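Presented below is the structure to which this report refers.
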Amino acid sequence: MFQTLSDWFWWDRIWLPCNYTWDDLENEEGTGSVSPSQLYITIPLALLFMLLRFAFERAIATPVASAMGIKSKLRLKASNNPVFESFYISCSKHPSHEEMYGLAKKSNRTSIQVERWFRRRRNQDRPAVLKKFQESCWRFTFYLCALVGGVAVLYDKPWFHDVWEVWVGYPKQEVLTSQYWYYVMELSFYWALLFSVASDVRRKDFKVQVVHHLATIFLLNFSWSVKYIRVGTLTLLVHDLSDILLEAAKMCSYADWKRSCNVLFIIFAVVFIISRLIIFPFWIIYATTVYPLYYCPRFFLYYFFNMLMFVLQFLHIYWTYLIFRMVKKVISGNMSGDDRSDKEEEDSDENDDHSLTNGDGKRPIENGQGEH
């Protein structure tokens with residue numbers, strides 16, 4: 001049954017140009033064979049990446065954070081209060097003034113004490129700055145290594161300088177060992193990102209990130225299986241180029257190195273626009289939508305693959321919108337961290353001392369009305 005479904009799914013009339021079979025992908029030298037099973041290794045490697053990340057964040061990222069002045073901040077925890085907790089989970093994390101007044105009356109507290117409890121409770125759910133830095137440091141390190149590796153793999157290849165070359169000799173193109181491992185490392189990393197997305201810092205574009213990871217994973221798997229490998233390597237290189245600068249800017253932001261953050265972010269914005277809004281659509285997508293028609297009529301994979309490419313491009317346009325918003329903040333001097341993530345609210349007992357008093361100026365009993 002499974003074999004029948006597999007044969008039907010990988011039917012050559014679906015994935016290959018007209019009059020080609022999977023056996024035709026092999027070249028005369030015997031170095032052109034590809035198979036989806038060759039990428040199965042990326043799943044265990046993804047788990048290995050997650051273990052490596054765990055060790056990296058503690059052995060390398062944490063000392064780097066300390067050297068850049070980032071310290072683990074002790075957060076004041078909200079006291080145990082079933083009434084507030086129930087409202088926080090089931091109703092709202094940001095109660096209105098009327099709701100806070102009702103909660104205060106119900107729990108025999110002041111409205112200011114209720115406001116402070118919800119502020120502390122929200123901060124408990126927010127990731128610490130150190131965790132954000134560790135995550136960015138890990139991604140920065142991988143993207144840097146991937147970019148260096150990608151340039152080493154592609155710099156002497158003809159399609160690196162002339163995009164038309166991606167189709168020369170297709171589908172009997174040679175598949176190099178360096179291309180294979182470039183694919184394996186990148187695909188393993190994106191699998192690891194997808195597996196850890198629930199535990200990573202949750203940002204406002206969380207759903208967009210998941211769509212991006214899924215689209216990238218599909219593109220890498222299908223481009224390998226049907227030998228769109230040259231296009232795939234160029235796509236990976238274009239994406240890694242700007243990602244390095246973004247993670248570097250975020251690291252500086254978390255360390256409160258504002259000038260370095262602003263400079264890196266402006267450079268990132270320029271590189272992102274050039275690579276994602278110019279090079280990617282007008283060189284790479286053009287190469288996948290126009291050039292193949294010179295070799296064969298349209299077929300199913302032509303539409304499917306380009307649909308995924310356009311999904312990536314729409315995500316690039318969405319992120320460009322976010323980037324312009326942050327560039328505006330940089331220019332106006334209002335840039336304060338990653339615009340896609342929630343910021344911790346200030347909480348100080350010194351600023352809230354007045355909230356510990358009742359209307360007559362007396363402090364409530366610590367185990368009664370007061371928070372502890």
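It should be emphasised that the depicted structure is a prediction, and the values quoted were computed from it without experimental measurement.
Remark: M100 engages P95, H97, V114, E115 in a side chain to side chain contact (heavy atoms under 4.5 Å, CB included) (not counting sequence neighbours).
Judged by distance alone, with hydrogens and angles left aside, the side-chain atoms of R325 form no donor-acceptor pair with the main-chain N or O of Y321 at under 3.5 Å. Although no hydrogens or angles enter the test, the distance criterion places a donor-acceptor pair under 3.5 Å between the side chain of T62 and the main chain of E57. No donor-acceptor pair under 3.5 Å is formed between the side chain of Q38 and the backbone N or O of V184.
By the criterion of side-chain heavy atoms lying less than 4.5 angstrom apart, applied directly or through intervening Ile, Leu, Val, Met, Phe, Trp or Tyr residues, L47 is grouped together with Y190 in one hydrophobic cluster. Linking ILVMFWY side-chain heavy atoms closer than 4.5 Å, directly or via other members, places L214 and M50 in a single hydrophobic cluster. L51 and F195 fall into different hydrophobic clusters, where Ile, Leu, Val, Met, Phe, Trp and Tyr side chains are chained together by heavy-atom contacts under 4.5 Å. In terms of hydrophobic clustering, with Ile, Leu, Val, Met, Phe, Trp and Tyr side chains grouped at heavy-atom distances under 4.5 Å, V270 and L241 are assigned to a common cluster. Hydrophobic clustering, with ILVMFWY side chains joined whenever heavy atoms are under 4.5 angstrom apart, groups F268 together with Y318.
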Intermediate values then yes/no, side-chain contact (heavy atoms from CB on, under 4.5 Å), F189 and T216 = CA-CA 11 Å; F189 179 74; T216 302; over 6 Å; no
Full working for side-chain contact (heavy atoms from CB on, under 4.5 Å) between F324 and W319 | CA-CA 9 Å; F324 277 127; W319 281 319; over 6 Å; no
Start with the C-alpha gap between R116 and I112, add the side-chain angles, then the distance that decides, and say whether side-chain contact (heavy atoms from CB on, under 4.5 Å) holds.
-> CA-CA 6 Å; R116 185 178 62 179; I112 295 178; 5.5 Å; no
Can you list the steps and then say if N221 with I217 is a side-chain contact (heavy atoms from CB on, under 4.5 Å)?
-> CA-CA 6 Å; N221 276 289; I217 289 170; 3.4 Å; yes
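A heavy-atom distance below 4.5 Å is found between the side chains of I323 and V327. Taking the side chain as every heavy atom from C-beta outward, I267 and V263 approach each other to under 4.5 Å. Y180 places a side-chain heavy atom less than 4.5 Å from the side chain of I41. A 4.5 Å side-chain heavy-atom check between V211 and K207 finds every atom pair outside the cut-off.
Shown here for I284 and T235, the closest heavy-atom pair between the two residues is CG2-OG1, 3.6 Å. What you find for S275 and V238 is that their closest heavy atoms are O-CG1, 3.3 Å. Closest approach of L277 and F282 over heavy atoms only: O-CE1, 3.4 Å. Nearest heavy-atom pair across I285 and P281 is CB-O, 3.4 Å. The two residues S35 and W224 come nearest to each other via the heavy atoms O-NE1, 3.4 Å. Of all the heavy atoms in E174 and Q179, the pair that sits closest is O-OE1, 3.7 Å.
Remark: L52 CG to S188 OG distance equals 11.5 Å, nearest 0.5 Å. Rounding to the nearest 0.5 angstrom, the gap separating the SG atom in C261 from the NZ atom in K250 is 11.0 Å. Taking CZ from F142 and CZ from F49, the interatomic distance works out to 5.0 Å, rounded to the nearest 0.5 Å. Of the inter-residue distances, the one linking L236 atom CG with E186 atom CD reads 4.5 Å to the nearest 0.5 angstrom. Taking CZ of F118 as the reference point, atom CD of E99 lies at 8.5 Å (rounded to 0.5 Å). Atom NZ in K258 sits 13.5 Å away from atom SG in C252 (nearest 0.5 Å).
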Under 3.5 Å, sequence neighbours excluded: what are the donor-acceptor pairs made by side chains of residues 303-317?
unit_1, atom_1, unit_2, atom_2, d
N306, OD1, T288, OG1, 2.6
N306, ND2, T288, O, 3.1
N306, ND2, Y302, O, 2.7
Q313, OE1, H316, ND1, 3.4
Q313, NE2, R276, O, 3.2
H316, NE2, H239, NE2, 3.0
H316, NE2, R276, NH1, 3.4

Contacts under 3.5 angstrom, residues 148-162 side chains, donor-acceptor by atom type, not counting sequence neighbours:
unit_1, atom_1, unit_2, atom_2, d
K157, NZ, V153, O, 2.5
H161, NE2, Y155, O, 2.9
D162, OD1, W164, N, 3.2

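In this structure, the ring of W138 has its center no less than 6.0 angstrom from the ring center of F133.
A salt bridge does not link K131 to E135: none of the charged nitrogens lies less than 4.0 Å from a carboxylate oxygen.
Side-chain atoms of T42 and Y183 form no donor-acceptor pair, as typed in the model, at a separation below 3.5 Å.
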